[in-house]
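Comments concern the structure below.
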Amino acid sequence: MAPPRDLRGWIALLEREGELVRVSAEADPHLEITEIVDRVVKAGGPALLFENPKSQHPLLINQFGTERRMCLAFGADSLDEVGRRLGDVLEMQPPQGIAEKVRGLKKLKSIADSRPKTVRSGPVHDVVLLDDEVDLRRLPIQTCWPGDAAPFITLPAVITRDPRTGSRNVGMYRMQVLDERTTAMHWQIHKDGRADYLMTDGKLEVAVALGLDPVTAYSASAPLPKHVDELMLAGFLRGEAVELVQARTVDLEVPANAEIVLEGYITKDELTAEGPFGDHTGYYTPPEAFPVFHVTAMTMRRDAIYPSIVVGKPPQEDAWLGKATERIFLPAIRMSVPEIVDYDLPVAGAFHNCCIVSIRKSFPGQAQKVMHAIWGLGLLSLTKAVVVVDEWVDVHDYEEVFFRVGANIDPKRDVLISEGPLDHLDHAPSLQFYGGKLGIDATHKGPDEGTRPWPEEIAMSEDVRRLVDERWDEYGLGPVRQGNGRRDRSLSQLLRR
Ligand SMILES: Cc1cc2nc3c(=O)[nH]c(=O)nc-3n(C[C@H](O)[C@H](O)[C@H](O)COP(=O)(O)O)c2cc1C
Ligand SMILES: [Mn+2]
C-alpha cells in the first residue's frame, strides 16, 4: 500500500480505518482542547479533527496516539518491522550469487530513491501571505496548560541548513508565539538545529513545515546524526521520496504538500525569555533564553489544517513517537553495541530518565561496558539510569525487570554511579545539563565477577509441562493455559501502564 502522500491522505486513511473522529462542536485551543485530548489519549481513543477550534483552520490532534495508528502511518504490522527495514540496509554484506546481488541492488535503489525530490510547484503555495499579511493568530495554536506563558506551536518540522556545509536539518522544536509575526525557537543545547544556529555569523534562514504526511512528521523527531538529512529517512521509511518546492522568501526547500509553511529568519544575538511550558517531563520548564524567529511569509494550502500535539505528564501522544524511535533505531544501536538484544525506554521515564537493556553476556564487566556505550551513543547519552539484564529477560515486562533487579544485585557491587551530560529539561540535577548517572547491573554474575556460585533459576521440567499440556482438558479448568509460569501477555501490558 502506498504511504499517505500528505496530511489529507493520512486523515482519509484514518477515517477509513475508524481511527478518526470529527468534532464539530466548538472547542477552545486555550486549555479546553488539552483536557479533551488528555482524556482521549489516556483511553487509547481516536485521532481528533476539531472542525471549529475558534479559528478559520481546523486542528488535528492525537494522530499518533496509539500503536495501531503508528503502524498505520508506517504501513507496517509492527514498529519492529519498520526497524528491520532499516536494519536490512545497515547490515548489508557483499552479496554472494546472482539472487543476493539482485536483492542487494534493490536495497541500494531503495536508498537512492529516498533522496527528497525537487518539484516546480506544490499546493503549499495555494495561499501566500507576505510580511504584514502574516498573522499567526489565524491558526488555532494551543495554550496547553494553565501555567504556559503563551500559545505554543507543538508539532512543527523546523528546517535549517548548516552554514558551513549547507547540509539540511529537520527537527521538531516547540515555538512559543510572541506576537503576530514572531515566535521563540526552543533549540535545546544537544540538538542539531541549535548547532546550525551557533554556526551562523548573523542571520540564519528558517522554514517551518506544519501538517505533513505522518512519516515525514515523525522523522523530524528522529535522533539522526547531524549530517544525515531527516527527509532522507522519511523518504526511505515511506518508500517514496519527499517532494520539495523552493520557499518564497528564504533559500530553503519545503515540503510541497505541507498544509502550512512559515518562512523567516533568526539573528544570532536576539534572544527572548521562553516559557514557562508544561513539558513532557511532567513539570513546567521555567523561562530560559532562546532565539527569536521572525516570520516573513506564511504559505498554505487552501483550507489548511493545523496539526498539534499535547505534551505533559506521561503518558501523552508523544509516547508513540518515542516508541517508534525506540524500535526503529534498535538495529542501528546493535551495529555499535552488538551484544545488545533489546532495549526499552519507559514512557513514564520521559525517555531520557531510564533505559532497560538486555545483553548477551560473554565476559566479566560487560554490563558496565554497555552502560558506558549507552552513555556515549547519540541522544541516548543523556540517559540518566541504565538497567542491564540478561538476554532472556523481556525488557518490556517491567514486573520481570523489577524482579531481576531485586534478585540479582548486590548494591555495593552492581550499582555504578557515574556522571555526564543530562537532558536539557531535567530539573533534578544540581546543575543544568550535567550530573549523576546510575547504572544497575541486574545480570547473572559469572565466576570471574567475584561472587559465590550463581544459583539455578526455577523452571518446571519439560516432561511435566508436556504432560499437563496434554491432559489440560481433563482438569476442566477452561482455556487458561500458560506454559512455564508465564503470565498472560495482557496482564503484562496492563502492568506497564
Ligand atoms: C512533540 C515533540 C516536541 C519536541 N520539542 C522539542 C523542543 O521544543 N526542543 C528540542 O530541542 N527538542 C524537542 N523535541 C525533540 C527533538 O525533536 C528531537 O530530539 C530531534 O532529534 C531533534 O532533531 P535534531 O536531532 O535534528 O536536532 C521534541 C520532540 C517531540 C516528539
Ligand atoms: Mn538532525
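Note: hydrogens, waters and symmetry copies are ignored here, and every other heavy atom, side chains too, is used. Every number for a ligand or one of its atoms is a count from 1 in the order of the listing. The residues of the chain are indexed from 1 along the displayed sequence.
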Under 2.8 Å from the Mn ion (ligand 2) - protein N/O/S, by chain and number: Asn169 OD1, Asp192 OD2, Glu230 OE2

Charged N-O contact under 4.0 Å between Lys54 and Asp28: yes

Heavy atoms, side chains only, cut-off 4.5 Å: are Glu259 and Tyr306 in contact? no

Cationic N near anionic O, under 4.0 Å, Asp342 to Arg334: no

Does a side chain donor of either Glu253 or Thr118 reach within less than 3.5 Å of an acceptor in the other side chain? yes

Basic-acidic side-chain contact under 4.0 Å: Arg137, Asp135: yes

Taking the side chain from Arg69 and the backbone from Asn62, do they hold a donor-acceptor pair closer than 3.5 Å? yes

What residues come within 4.0 Å of ligand 1, counting heavy atoms only? Thr154, Asn169, Val170, Gly171, Met172, Tyr173, Arg174, His186, Gln188, Lys191, Asp192, Gly193, Ala220, Ser221, Ala222, Pro223, Glu230, Ile309, Leu321, Leu379

Tell me whether Asp196 is salt-bridged to Lys191, with the criterion being a basic N under 4.0 Å from an acidic carboxylate O. no

Strictly below 4.0 Å, N to O, side chains only: are Glu243 and Arg5 in salt-bridge contact? yes

Does the distance from a Lys or Arg side-chain N to an Asp or Glu carboxylate O, for Asp88 and Arg84, drop under 4.0 Å? no

